[in-house]
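Just follow the structure's listing: the first ligand is 1, and inside any ligand the first atom is 1. All residue numbers refer to positions in the sequence shown, counting from 1.
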Amino acid sequence: MEARSILITGASSGIGRALALAYAEPGMFLALNGRDRERLANTASAARAQGAEVATGELDVRDQRAMTQWIADSDRCCPIDLVIANAGITTGLRPGQLAEDPAAVRAIIAINLIGVLNTVEPLIAPMCARGKGQIAFIGSIAGIRGLPYAPAYCTTKAAVHAYSESLRGRLEVSGVKVSLIIPGFVKTPLNDSIAAIKPLEISEAGAAVIIRRGLEKGKPIIAFPKPLYLLAALARVLPVGIVDKVMAGIGVSIPQTPERNA
Ligand SMILES: NC(=O)c1ccc[n+]([C@@H]2O[C@H](COP(=O)([O-])OP(=O)(O)OC[C@H]3O[C@@H](n4cnc5c(N)ncnc54)[C@H](OP(=O)(O)O)[C@@H]3O)[C@@H](O)[C@H]2O)c1
């Protein structure tokens with residue numbers, strides 16, 4: 001399916017920005033969201049320079065009312081063919097730290113899960129009424145199996161995976177496709193904040209190419225890199241005690257996010 005009108009959250013940085021630029025071309029309408037005015041404007045002008053028509057929504061994805069309004073306005077202006085729920089943060093544990101800050105946990109759930117619902121819900125009815133459209137979720141390999149370094153992050157991504165699977169089964173009959181993107185390590189500011197070995201890490205631009213290709217084919221799952229995805233899937237079925245022991249032996253340090261509930 002070739003999308004000509006695309007809404008992307010978290011387009012001011014990282015994967016979201018790379019996706020905006022991967023799609024930016026003449027005849028394309030992009031509705032781009034982020035909170036940081038300067039970085040969002042920077043993505044928008046780079047996309048315009050490539051020939052796309054761009055509108056920006058400088059909004060916090062946690063703000064349901066503002067998101068509903070902005071998405072409805074964008075859809076009225078240029079019916080959205082593809083929505084990519086990408087905005088997200090990370091938070092986790094440093095070596096020796098036992099529990100996450102409850103405020104950081106609630107903030108990540110509000111952004112990575114409720115923010116995704118705020119992005120997707122307003123488009124379900126209009127897309128189904130049109131009998132076409134595509135809804136894409138950015139999950140994570142960290143959503144396949146809980147990791148001892150990032151309990152809340154893994155929880156939000158596992159929830160996004162389950163939500164997207166449920167939606168896919170429900171919306172297919174209405175002509176609306178649902179795709180779950182499951183990236184491994186992609187070099188972005190979010191990923192740079194994590195101290196760990198990052199096998200098979202790829203660039204933002206490389207990730208955007210894989211994602212665009214998968215979405216154009218209407219793939220239900222776009223997981224990359226394949227070896228890491230298969231390893232994570234294997235970790236789900238191997239004996240729990242063995243996997244826990246291996247994971248506990250890997251040195252990972254993830255800073256606590258400074259986010260608070262909006
Ligand atoms: N990088 C990886 O290795 C990796 C792997 C798997 C999955 N992912 C997922 O990919 C997505 C993008 O991450 P990234 O690596 O590209 O990180 P990034 O460079 O830090 O970008 C995150 C984007 O999300 C936006 N954002 C965060 N909180 C927001 C909020 N409350 N409201 C609106 N926008 C918000 C940020 O915008 P502002 O800064 O303007 O607020 C920014 O544009 C996330 O869902 C992440 O979990 C990343």
Q: Compare all side-chain heavy atoms of Gln97 with those of Gln256 and state whether any distance is below 4.5 angstrom.
A: yes
Q. Does ligand 1 have an atom that lies less than 4.0 angstrom from a heavy atom of Thr9?
A. no
Q: Determine, using the 4.5 Å side-chain heavy-atom cutoff (strictly less than), whether Leu231 and Ile141 are members of one ILVMFWY cluster.
A: no
**Q.** Shortest protein heavy-atom distance from atom 8 (N) of ligand 1, along with the residue and atom involved
**A.** Tyr153 OH, 3.7 Å
Q.
Taking Asp244 first and then Arg145, would you say they form a salt bridge - that is, a charged N and a carboxylate O separated by under 4.0 Å?
A. yes
Q. Hey, are Asp60 and Arg35 close enough for a salt bridge, meaning a charged N less than 4.0 Å from a carboxylate O?
A. yes
Q) Can a salt bridge be assigned to the pair Arg130 and Asp75 using a cut-off of 4.0 Å between side-chain N and carboxylate O? A) yes
Q. Which residue owns the protein heavy atom closest to atom 39 (O) of ligand 1, what's the atom, and how far is it?
A. Arg39 NH2, 2.9 Å
Q.
Nearest non-hydrogen contact with atom 22 (C) of ligand 1 belongs to which option: Gly10, Gly14, Gly88?
A. Gly88
Q.
Under 3.5 Å between any N/O of Gly139 and any N/O of ligand 1: does that happen in this structure?
A. no
Q. Near Pro189, which atoms of ligand 1 are under 4.0 Å from a heavy atom of that residue?
A. 19 (O)
Q | Close approach of Leu40 to ligand 1, heavy atoms, under 4.0 angstrom | A | no
Q) Just going by heavy-atom distances, which of Val186, Thr188, Asn112 is nearest to atom 3 (O) of ligand 1? A) Val186
Q | Residues Arg94, Glu100: salt bridge by 4.0 Å N-O rule | A | no
**Q.** Partner of Ile6 under side-chain contact (heavy atoms from CB on, under 4.5 Å), chosen from Val83, Ile80, Leu30, Leu215
**A.** Leu30
Q. Less than 4.0 Å between a side-chain N and a carboxylate O, is that true for Glu172 and Arg170?
A. no
Q: Would you mind checking which non-hydrogen protein atom is closest to atom 43 (O) of ligand 1, with the distance to 0.1 Å?
A: Ser12 OG, 2.8 Å
Q: May I ask you to check whether Ile15 has an N/O atom sitting below 3.5 Å from an N/O atom of ligand 1?
A: yes
Q: Please state which part of Asn33 comes within less than 4.0 Å of ligand 1, counting heavy atoms only: side chain, backbone, both or neither.
A: side chain
Q. Salt bridge or not for Arg37 and Glu58, using N-O below 4.0 Å?
A. yes
Q) Applying a 4.0 Å heavy-atom criterion (strictly less than), which segment of Lys187 is in contact with ligand 1: side chain, backbone, both, or neither? A) neither
**Q.** Minimum-distance protein heavy atom relative to atom 31 (N) of ligand 1
**A.** Asp60 OD1, 2.9 Å
**Q.** Nearest neighbour of atom 28 (N) of ligand 1 from the list Arg35, Arg37, Met67, Glu58, on a heavy-atom basis
**A.** Arg35
Q: Give the residue and atom name of whichever protein heavy atom lies nearest to atom 44 (C) of ligand 1, and the separation in Å to one decimal.
A: Asn86 O, 3.2 Å
Q: Measure from atom 18 (P) of ligand 1 to every heavy atom in Ser13, Gly16, Ala87 and give the option owning the shortest one.
A: Ser13
Q) Got an N/O contact under 3.5 Å between Ser140 and ligand 1? A) no
Q) Can you tell which part of Asp36 has a heavy atom less than 4.0 Å from ligand 1: side chain, backbone, both or neither? A) both
Q. Where does Lys157 meet ligand 1, judged by heavy-atom distances below 4.0 Å: at the side chain, the backbone, both, or neither?
A. side chain
Q.
In the structure I gave you, are the side-chain heavy atoms of Lys187 and Asp192 within less than 4.5 Å of one another anywhere?
A. yes
Q | For atom 17 (O) of ligand 1, closest protein heavy-atom neighbour | A | Leu190 CB, 3.2 Å
**Q.** Polar contact flag, side-chain donor to acceptor under 3.5 angstrom, Asp73-Gln69
**A.** yes
Q.
Under a 3.5 Å distance rule, please check whether Asn112 uses its side chain to pair with a backbone N or O of Gly88 as donor and acceptor.
A. no
(Q) Heavy-atom contact check, 4.0 Å cutoff: does Thr90 meet ligand 1? (A) no
Q) Which residue owns the protein heavy atom closest to atom 32 (N) of ligand 1, what's the atom, and how far is it? A) Val61 N, 2.9 Å
Q) To the nearest 0.1 Å, how far is atom 4 (C) of ligand 1 from its closest protein heavy atom, and which atom is that? A) Gly184 O, 3.9 Å
Q) Are Ile111 and Tyr163 connected, step by step, through hydrophobic side chains (Ile, Leu, Val, Met, Phe, Trp, Tyr) whose heavy atoms are closer than 4.5 Å? A) yes
Q) Backbone N or O of Asp81 within a donor-acceptor pair of the Gln134 side chain at under 3.5 Å? A) no
